[in-house]
Amino acid sequence: MFPETIPPPFPELELPQTENEGQKGMSDEDVKAFDALVEKIGLRHLLDLPLIALSNGQTRRARIIKALLRKPELLLLDEPLTGLDVQNRPTLLDVLHTLHAAKAPRVILGLRTQDPIPDWITHVAFVNGSKVVTGPKVEVAPQITHVDVKQDQPLVFQHSNPGKLVVDLQNVNVKYGPRTVLKDINWQVRQGERWHLQGSNGSGKTTLLSLLTGDHPQSYTQQHMHLHGRPRSRIPTPHLQSMTGLLSPEVFDAFPRRADMTVWDAVGTGFDGGFTPLGRKNVGRGVLQPVTEEDIAWRVNRCWEVLEALGPAAWDSENVPKGASKRSVAEEFSKRMFVDLSVGEQRMVLLMHYSLSPVKGESSPHFRFLYEDTIPGEAPTRGSFFVMAPANKRLVQRTFGLLELQAITASQPGLSAQASQLARRERYGPSFAYDEFLVQRSRYSAVKSSTIRWLAKKFLPQPGSGPSEEVMQKGYFKTTNHTTSTSTDSTPPVHVKTTIRGKGDPGYDLTAIMVSESALSLLLPPTSQAGSSSKTSSLPDGLPALARKGGVLTPMTAFGEVLITRLVDSGRFTFESHIVDQRASLEARKDDPKKYATPEAFKEDPINLWKFYHRRRSEYLLAKPNLAHYALATLAHVPTLERIAPVSARPIHVTQNVDALALRVLESLPASSEGEDQPPPAESLIEMHGDIFVTRCTSCQHLQRSYAPQLSAALAEIEKEQDSNQEPSLTIQQLPKCGGDSWQGSNRYGRCGGLLRPEVVWFGEVPPRSGEISRKMSGCDMLLVVGTSSIVRPAADYAAQVKKNGGVVAIFNLGRSNGDEEADFLFLGPCEESLPDVLHVQEDIARLWPGAQNLGRC
């Protein structure tokens, strides 16, 4: 395959010194023509090289010279400009023009629509599908639709956090005998980067790429050539090629044209990345481990999917027999011999070869006339077929496949544990299945609606006239997502309920907002996180890893949480999500905090909401900090911090709790002489979900903290009547107001009489300091995660963010939790015991807060 594999005397080859030595059997006229052609086309300096050592463009020029030396009367050139650099194209066209003008030979060029038609061409035959239009160039050329492949301004992707190193070349050299092709090449490629390798024919592009794919024998001899984090010499070539996709003219030329190889065989070789049909059903044997019967069945099904999607039914529909199904067309095409296909058909088959995915998932649920879903603690929800469901399901399934493939790739030997953990965290899991339906009031209406909608979708695909402005404004949508985890023998399933609401017509108004916000997600950070990107040309922080890698993505894999945050910032969408307690019932959910944790609940029922938060305030006032609170607070004490981490910057304390216990401990921290020039310890605390003891006026927006047992006299009556069966009735006027019960009609700031609300973050609201927290996590070198389920976002993503940036994560929890895979250190047990012990701050706690050591567990 490569020159160095050719035995001597190749290294000693020299240019012919006389005509008789190098051009035996050629007449003087042939020799003169040969010399003229190699000089004009620029191959004189390459005559000592074997054909296999030439680049794609050089090989194409050499073959044209060979064809001309036969002195044909008619020269047919199919896409002669493909693979030629810009400098050599005019030279070749000038040579062909000279030959054509002398009628030795006549020239017919086969060009692509994006190729320019030379001025000297007189006639054109335009092939458009099954139609051919012929005639003088001046008549036919205007009918040709040219494809513009130029780009006026290059699209530049920048990001401040480069991914892991995928390619690392240092002082790489490639020589063919005395000829040096690559010299001292130093190149690094990181995950998420997109490189354009550019150079003239023969500059070494093909050789360099062959090193990266493992095809070049000299890739084994390089002193420093690391691919995917491992030395090339330690990676088996089949394994390396299974991780690298390559489609090039060289691959097309090298793909074997065996007489007995069918289209099915050629496509099936894509699973293992080779060129030879292997294994049962000719779908491979597996690269890292042998395939199972289940794997074979899935691979066979995947081949049929690709053949149906990319086969003749997709690109040659005019010649498909009427009434023939995609499967029947694919079956017929799969039996054809690969060698008998046209060049274009062979290229499509090789595209199928590289389109096969190693991802295997569950089959998508089929159409039903009646859909039903039950969320624990709620009445069953019934519904009908939704016309957008087929398209939506395909999008979700592709998201699953992309994340699953990311997890498979990250688990390859030699890759970092951090990348593997992040990929496993984001994946949906191999048992993932998705379905959706339109909620209806009853079973009858569900079945009736499914039938009508299914028939309408099948037989009446007619567009509507669109809604009026009034309907646009009054429109809305509500989507409820019920996610259930896969249960095991030791772990029951976890149910998560997510509700998404939109204000405005969903088909016109909200769709336009979602499309525009999707585009802006790649350009600008959300309004609430305006500082998360330094330049608008940079990709905003928080985008998924796949967004930086690129490809044909889906909304979730391209935009992720950034799009969700942008939609919330628009004021037209709300997102609410929580874990559903399987033991809950409708009665037990009467005082469910989630029921009163939305802006809508405050607007619709402020009286019962304030009753609920009044009880919560009373409970939190009686709560006492435990030793875990005190252990974390010691990190804000300068002498203690200098002993534990002498070179560490002042840490920040982020809490999801709204009980103010962390704040109360920090406020009680005695001052130290070393920290006189430092801000108060309490300023290191960020209560990301707010504080139940802080209220905000809904009119003047005044904020006020109060630890008073009751915020209004009427609420105090609740405690007096707590043993009775009936609570006292309240009015809105009796609820906590700006200025208190003594308000006398003033409209001053802080005493305007407006209705107060608890300053806590409700579902559908964005934590006000989430952007600040995200920026600090980007520079965090160690994260302590204490007592959390790691499910509620965005806090659930912080560990992965720190790991991605090279930081260390330590998790303290009573039991196993969702984010344990991110941990470098995992401490299970009561946090009030493990945290002081690991930080070695027991003596500091006893000195700073005498009596705190006697606290029990909380």
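Along the sequence shown, residues carry numbers from 1. Bear in mind the structure is a predicted one, so any value in this text is a computation, not a measurement.
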Colleague: Using side chain to side chain contact (heavy atoms under 4.5 Å, CB included), reason through Val124 and Thr134 one step at a time and then give a plain yes or no.
Modeller: CA-CA 6 Å; Val124 173; Thr134 62; over 6 Å; no

Colleague: Can you list everything that forms a side-chain contact (heavy atoms from CB on, under 4.5 Å) with Gln188? Sequence neighbours excluded, please.
Modeller: Leu165, Asp168, Arg190

Colleague: Side chains of Thr557 and Thr554: any donor to acceptor distance under 3.5 Å?
Modeller: yes

Colleague: Between Leu208 and Leu197, is there a side-chain heavy-atom distance shorter than 4.5 Å?
Modeller: yes

Colleague: Over all heavy atoms of both residues, which pair between Phe333 and Leu307 is shortest? Give the atoms and the distance, please.
Modeller: CD2-CD2, 4.2 Å

Colleague: Hey, does Thr180 have a side-chain heavy atom less than 4.5 Å from the side chain of Lys183?
Modeller: yes

Colleague: With no hydrogens and no angle check, is any side-chain donor or acceptor of Lys137 less than 3.5 Å from a backbone partner on Asp119?
Modeller: yes

Colleague: Can you tell me how far the CD atom of Gln198 sits from the NZ atom of Lys205, to the nearest 0.5 Å?
Modeller: 8.5 Å

Colleague: Mind checking the CG-CZ spacing from Leu68 to Arg63? Nearest 0.5 Å is all I need.
Modeller: 14.5 Å

Colleague: How about Gln170 and Gln222: do any of their side-chain heavy atoms sit closer than 4.5 Å?
Modeller: no

Colleague: Are Ile121 and Pro118 packed together at the side-chain level, in the sense that at least one heavy-atom pair is separated by less than 4.5 angstrom?
Modeller: yes

Colleague: Quick one, Leu182 and Asn173 - any side-chain contact, counting heavy atoms below 4.5 Å?
Modeller: no

Colleague: Could you tabulate the donor-acceptor pairs under 3.5 Å formed by side-chain atoms of residues 259-268, not counting sequence neighbours?
Modeller:
| unit_1 | atom_1 | unit_2 | atom_2 | d |
| --- | --- | --- | --- | --- |
| Thr262 | OG1 | Trp264 | N | 3.4 |
| Thr262 | OG1 | Asp265 | N | 3.2 |
| Thr262 | OG1 | Asp265 | OD2 | 3.1 |
| Trp264 | NE1 | Lys281 | O | 2.8 |
| Asp265 | OD1 | Asn282 | ND2 | 2.6 |
| Asp265 | OD2 | Thr262 | N | 3.1 |

Colleague: Are side-chain heavy atoms of Leu77 and Ile64 found at a separation under 4.5 Å?
Modeller: yes

Colleague: Quick one: side-chain hydrogen bond (donor to acceptor under 3.5 Å, both in side chains) pairs with a partner in residues 67-78, sequence neighbours left out?
Modeller: Asp30-Lys71

Colleague: Please test Ser328 against Ser325 for side-chain hydrogen bond (donor to acceptor under 3.5 Å, both in side chains), starting from the C-alpha separation and ending with a verdict.
Modeller: CA-CA 5 Å; Ser328 64; Ser325 64; 3.2 Å; yes

Colleague: What's the separation between atom CE in Met337 and atom NZ in Lys335, rounded to the nearest 0.5 Å?
Modeller: 11.5 Å

Colleague: With sequence neighbours left out, what residues match Glu305 under salt bridge (charged side-chain N to carboxylate O under 4.0 Å, His left out)?
Modeller: Arg302

Colleague: Could you walk me through whether Leu109 and Leu96 satisfy the side chain to side chain contact (heavy atoms under 4.5 Å, CB included) test, starting with their C-alpha distance in whole Å, then the side-chain angles of each, then the deciding distance to 0.1 Å, before giving a yes or no?
Modeller: CA-CA 10 Å; Leu109 301 180; Leu96 296 177; 4.0 Å; yes

Colleague: With sequence neighbours left out, write down each residue that passes ring pair (Phe, Tyr, Trp, His ring centres under 6.0 Å) with His224, or none if nothing qualifies.
Modeller: His226

Colleague: Could you report the tightest heavy-atom contact between Pro72 and Pro105, atom names first, then the distance?
Modeller: O-CB, 2.8 Å

Colleague: Hey, could you give me the CD/CZ distance between Glu139 and Phe126, rounded to the nearest 0.5 Å?
Modeller: 15.5 Å

Colleague: With side chains defined as the heavy atoms from C-beta onward, is the minimum distance between Leu402 and Thr399 less than 4.5 Å?
Modeller: no

Colleague: Compare every heavy atom of Val140 with every heavy atom of Gly135, then report the nearest pair and how far apart it is.
Modeller: N-CG2, 3.5 Å

Colleague: Mind checking what makes ring pair (Phe, Tyr, Trp, His ring centres under 6.0 Å) contact with Trp187, not counting sequence neighbours?
Modeller: Trp195

Colleague: For Cys303 versus Val283, what's the shortest heavy-atom pair and its separation?
Modeller: SG-CG1, 4.1 Å

Colleague: Assess the residue pair Val174 and Ile185 against the criterion (side chain to side chain contact (heavy atoms under 4.5 Å, CB included)); give the C-alpha distance rounded to whole Å, side-chain angles, the decisive distance to 0.1 Å, and a yes or no.
Modeller: CA-CA 9 Å; Val174 173; Ile185 300 298; over 6 Å; no

Colleague: Mind running side chain to side chain contact (heavy atoms under 4.5 Å, CB included) on Glu331 and Trp304 for me, showing each step along the way?
Modeller: CA-CA 8 Å; Glu331 289 176 348; Trp304 285 125; 3.5 Å; yes

Colleague: Check this for me: Glu332, atom CD, are more than 12 non-hydrogen atoms of other residues, nucleotides or ligands nearer than 6.0 Å?
Modeller: no

Colleague: Looking at Ala309 and Ala314, what are the two nearest heavy atoms and their distance?
Modeller: O-CB, 3.1 Å

Colleague: Could you check if a side-chain atom of Leu74 sits within less than 4.5 angstrom of a side-chain atom of Ile108, using non-hydrogen atoms only?
Modeller: yes

Colleague: Please report the shortest heavy-atom distance between Ala125 and Val132, naming the atom on each side.
Modeller: CB-CG1, 4.4 Å

Colleague: In Å, rounded to the nearest 0.5 Å, how long is the span from OG1 of Thr122 to CD1 of Ile117?
Modeller: 11.5 Å

Colleague: Output the distance between atom OG1 (Thr207) and atom CD (Gln218), rounded to the nearest 0.5 Å.
Modeller: 9.0 Å

